[in-house]
Amino acid sequence: MAPRKNFRNQAKKEVKPAAVVNKNGVKAEATVAASGGGFSSTKIFTWFMVLALLGVWSSVAVVWFDLVDYDNVIERAKEFRFNFSEVLQGKLSAYDADGDGDFDVEDAKVLLGLKERPVSVLLREAKEESAVKEPDAVPTPPDDDAAVPLPLISDGFIPEDENDAIDMKGELVEKAQPQQTVEESKQYNDQPGSLKTKETVQLRYNAEAESVPEPEADVESVLEPEADVEPEVESVPELEAEFVPELKENAEEQPKDKLKEKAKKKKPKLLNKFEKTIKTEIDAAEKLRKKGKVEEAVRAFETLVLQYPQSPRCRYGKALAEDGLAEKMLSNDMLQKAIGTYKEASELPNATPDLIKATLKKRAERQQFLGRMRGALATLEKLVQIFPEDVALKNDLGVAHLLIGDNKSAKRVYEEVLATAPSDGFAKVHYGFILKSENKIAESIPFLRDGLESGDPGTDDGRFYFHLGDALQRMGDDSAYKWYERGHQRGHFASVWQRSLYNVDGLKAQPWWMPKDTGYMDLVKTLERNWRIIRDEAQSVMDKTTGLFVPEEENLREKGEWGQFTLWQQGKKAGESCRSVPKTCGLLERFPEAIGCKRGQIKFSVMQPGTHVWPHTGPTNCRLRMHLGLVIPKTGCKIRCTNDTRAWEEGKVLIFDDSFEHEVWQDADSYRLIFIVDVWHPELTQYQRQTLSPI
């Protein structure tokens, strides 16, 4: 039987060519052996073809099975400007990514994104880039005013209220508002702070974070770090404290002195004499920050601070980088670190006046952002002491006093400003606001009007249009509606009639509502079926000796007596109120649209004969207001909402949107008693009802 053929046997079998004797008598095979292996040109070509085919099929496999991310390779090649000709020539030192003078495994890790680049390398590259003038770059200023211009604060950083927040997902949550009708509050920080008719952007990071009491700060300890956030004060909406000056677009309308001021305005000098010698290093780190590489910028400035611990500009740059990182991380802790670094920068010797001013203004701004109003006030007081001629700083100081409810001190500040700068529009509108809060209605009008007409920065605020119109209405001046219309045109009011300032866009807007249109028919029927029970419980506690009905304190009355007894406010029971009227409270427990309405109240309202309530609007469009008639005189009691006037009926529910202007008269011979129930606007989603902040 013939032996079985296979590739293994063939591989083992040795094939020898026949021995041939040449003319010298030596066998040819010996010559081949002596020559070193017997590879003919044919064999070399064969092996070359084999290797070529292997290469081809390997390439096909790479492409077919997508073994290489070519897009990523191309991007990395672009990013690092990889020059393959240099690689072939052995010039790999050009890709020394870790700065050790050669190209090795560590450099490859950096190029592949597996390892961060050292700060020293980043600074070196930034310096080299700074040395080359870019086509679109602004020329570097001379050393005498060499300073890195400060970026404007982003919209998400406008200081407002300590009740404001941004949750960890970046959802916007609106600030808490007062229980009283906002336009009548006696304190500036009880006023709506929105300049828009939509949800206000919130300020503090981490909505979940609880506030911790902040210790009182005085001027002497202005630069000492606060212990923590001051207590969240209920109903403390604040003015947008955007202090960056800006002039009118039309230069012809500007006073000449302001045009001169603009012409004289120079870039702040932030570098001292020594820092000009290290300007290149500072600019390199600053360039990282401006490019949004805040983590790298923080490390770069930390390195500079270690190298130059007495440099105020390096410390200030570190604070700005930490500030930017706090915004990126949504971290209150990082922002507090930045506030501390601002403090350090302002205290270093040889800091230029411009740097001290910029640093302390930033510090005060970020303190306000975190709700540390008293700390911000102390910082601004220090600023005014250092720069007593700076009117803008005094205006900011006045706002800081208003934000903590110290209207008396704010009034004194604005009187000082107007004594030296009588045409300052910002001071005028704020001074007019304070006068109106003191019920000096006629005196407030010229200051509010002149301030708004000035067009100065900080005057285009819905509250000032609101208060001017309200003051004019109370003086019987119909030009109030001209200012309301102007406020509407400026985007502060949804309409001339609907002047609430804390709104959710897109909600159905109409002054009067039918019960069936609200979707709350079950609640309406429950109230109307049980109105006598509700009335009897209210009458049982109406005696003044109980002290449950308290006078209206919102300055809404022109004359008369108006008392209220609150059961729920901001979606929570008001103390032990329900113990006095348990049946009424029991009826409402199963209606979350009412007891869970964080932007409303549930209360009894009693009005005595001869009472008139000024035209006014509520703070938000997020609720509807139900009035259940309990004790209604035959004639003399009526309510107007926009231009439609109606009357109550006992046992019947009236529903209106109190974000529209409304007015009340009680000209009967006996008291009028109603039950007020606020409910969420029916078009709000469940998510909105859960996340909107209380008012």
Side-chain angles (χ1 to χ4, degrees), residues 179 507-508 510-542 546 548-549 563-607 618 620-633 637 639 641 646-659 662 664 671-686 688-690 692 694-695:
Q179 289 309 301
L507 298 181
K508 183 177 181 180
Q510 62 184 44
W512 293 98
W513 286 67
M514 296 296 294
K516 61 181 178 61
D517 296 330
T518 67
Y520 301 138
M521 280 300 297
D522 193 13
L523 172 59
V524 172
K525 289 179 180 179
T526 297
L527 292 174
E528 292 183 342
R529 280 197 301 262
N530 297 280
W531 74 274
R532 290 184 176 85
I533 295 174
I534 298 171
R535 178 199 62 190
D536 293 346
E537 282 198 325
Q539 288 178 321
S540 70
V541 296
M542 276 181 58
T546 64
L548 295 178
F549 278 80
Q564 300 176 347
F565 173 32
T566 301
L567 305 181
W568 270 271
Q569 61 183 5
Q570 295 186 337
K572 297 179 180 179
K573 284 186 178 180
E576 303 296 324
S577 298
C578 281
R579 288 190 175 184
S580 303
V581 287
K583 294 179 182 177
T584 300
C585 289
L587 291 170
L588 293 170
E589 291 286 358
R590 64 188 184 89
F591 297 104
E593 63 267 28
I595 64 174
C597 181
K598 295 183 293 182
R599 296 196 163 191
Q601 301 166 297
I602 300 175
K603 60 187 177 182
F604 292 103
S605 172
V606 61
M607 193 172 287
T620 179
N621 73 338
C622 294
R623 72 188 186 200
L624 301 181
R625 176 155 283 188
M626 296 184 178
H627 281 189
L628 173 65
L630 299 179
V631 178
I632 309 297
C637 295
I639 178 172
C641 188
R646 302 189 183 186
W648 297 273
E649 296 180 43
E650 292 183 355
K652 297 296 181 181
V653 170
L654 281 177
I655 306 176
F656 68 103
D657 184 339
D658 76 325
S659 64
H662 53 288
V664 177
Y671 71 85
R672 180 227 66 181
L673 177 65
I674 63 173
F675 187 46
I676 298 176
V677 179
D678 290 337
V679 293
W680 285 116
H681 192 291
E683 292 183 354
L684 286 174
T685 66
Q686 192 62 35
Q688 288 172 316
R689 299 181 189 197
Q690 291 173 352
L692 286 171
I695 295 179

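The basis for the numbers below is simple: all heavy atoms, side chains too, and nothing from hydrogens, waters or symmetry mates.
- Residues satisfying the side chain to side chain contact (heavy atoms under 4.5 Å, CB included) criterion with Lys583, sequence neighbours excluded, are Ile533, Glu537.
- If you check the side chains of Gln601 and Lys603, you find a donor sitting under 3.5 Å from an acceptor.
- To the nearest 0.5 Å, atom CG of residue Asp658 and atom CE of residue Met626 are 13.0 Å apart.
- Considering only heavy atoms from C-beta on, Glu649 stays 4.5 Å or farther from Ile632 through its side chain.
- A distance of 6.0 Å separates CD1 in Ile639 from NE2 in His662, rounded to the nearest 0.5 Å.
- Geometrically, Lys508 engages Trp513 in a cation-pi contact, judged by NZ or CZ lying under 6.0 Å from the ring centre and within 45° of the ring axis.
- When the side-chain hydrogen bond (donor to acceptor under 3.5 Å, both in side chains) test is applied to Gln688, the partners found at least two apart in sequence or on another chain are Thr685.
- Not a single side-chain hydrogen bond (donor to acceptor under 3.5 Å, both in side chains) links Glu593 to another residue, sequence neighbours left out.
- Smallest separation of non-hydrogen atoms from Ala594 and Val677: CB-CG1, 3.7 Å.
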Apply the test side chain to side chain contact (heavy atoms under 4.5 Å, CB included) to residues Val606 and Val631: give CA-CA distance (whole Å), side-chain angles for both, the deciding distance (0.1 Å), then the verdict. CA-CA 9 Å; Val606 61; Val631 178; over 6 Å; no
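- No side-chain heavy atom of Leu673 sits under 4.5 Å from any side-chain heavy atom of Ser605.
- Note: Gln686 CD to Gln690 CD = 5.0 Å, rounded to the nearest 0.5 Å.
- Between the CE atom of Met514 and the CG atom of Leu654 there is a distance of 10.0 Å, given to the nearest 0.5 Å.
- For the pair Arg599 and Trp680, the cation-pi criterion (under 6.0 Å, within 45° of the ring axis) is not fulfilled.
- The closest side-chain heavy-atom distance from Tyr671 to Met607 is not below 4.5 Å.
- The shortest side-chain heavy-atom distance between Leu624 and Pro682 falls under the 4.5 Å cut-off.
- Trp648 carries Arg672 over the face of its six-membered ring, with the cationic atom under 6.0 Å from the centre and within 45° of the normal.
- Listed by chain and number, the residues in a ring-ring contact (aromatic ring centres under 6.0 Å, His included) with Tyr520 amount to none (sequence neighbours excluded).
- With respect to the salt-bridge test (charged N to carboxylate O, under 4.0 angstrom), the residues Arg625 and Asp657 do not qualify.
- Every side-chain hydrogen bond (donor to acceptor under 3.5 Å, both in side chains) that Asp522 has, sequence neighbours left out, goes to Arg590.
- Taking each heavy atom of Ala647 and Cys637 in turn, the nearest pair found is CB-O, 3.7 Å.
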Going by atom type alone, with no hydrogens or angles, which donor-acceptor pairs under 3.5 Å involve a side-chain atom of residues 574-581 and a protein atom two or more places apart or on another chain?
residue: Glu576; atom: OE1; partner: Arg579; partner atom: NE; Å: 2.9
residue: Ser577; atom: OG; partner: Thr566; partner atom: O; Å: 3.0
residue: Ser577; atom: OG; partner: Ala574; partner atom: O; Å: 2.7

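- At a threshold of 4.5 Å between non-hydrogen side-chain atoms, the residues Phe604 and Ile676 do not count as touching.
- With rounding to the nearest 0.5 Å, the separation of CD in Glu528 from CD1 in Ile534 is 10.0 Å.
- Note that the CG atom of Leu548 and the CZ atom of Phe565 stand 4.5 Å from one another [nearest 0.5 Å].
- The closest side-chain heavy-atom distance from Ile602 to Leu588 is below 4.5 Å.
- No donor-acceptor pair closer than 3.5 Å links the side chain of Ser659 to the backbone N or O of Gly618.
- Across every non-hydrogen atom of His681 and Asn621, the tightest pair is CD2-O, 3.7 Å.
- Two residues are said to be in side-chain contact when any heavy atoms from C-beta on lie closer than 4.5 Å; Asp678 and Trp568 fail this criterion.
- Side-chain rings of His627 and Phe656 approach one another, their centers coming within less than 6.0 Å.
- The backbone N or O of Trp512 lies less than 3.5 Å from a partner atom in the side chain of Gln510, making a donor-acceptor pair.
- Annotation: side chain of Leu523 is not in contact with side chain of Val653 (no heavy-atom distance under 4.5 Å).
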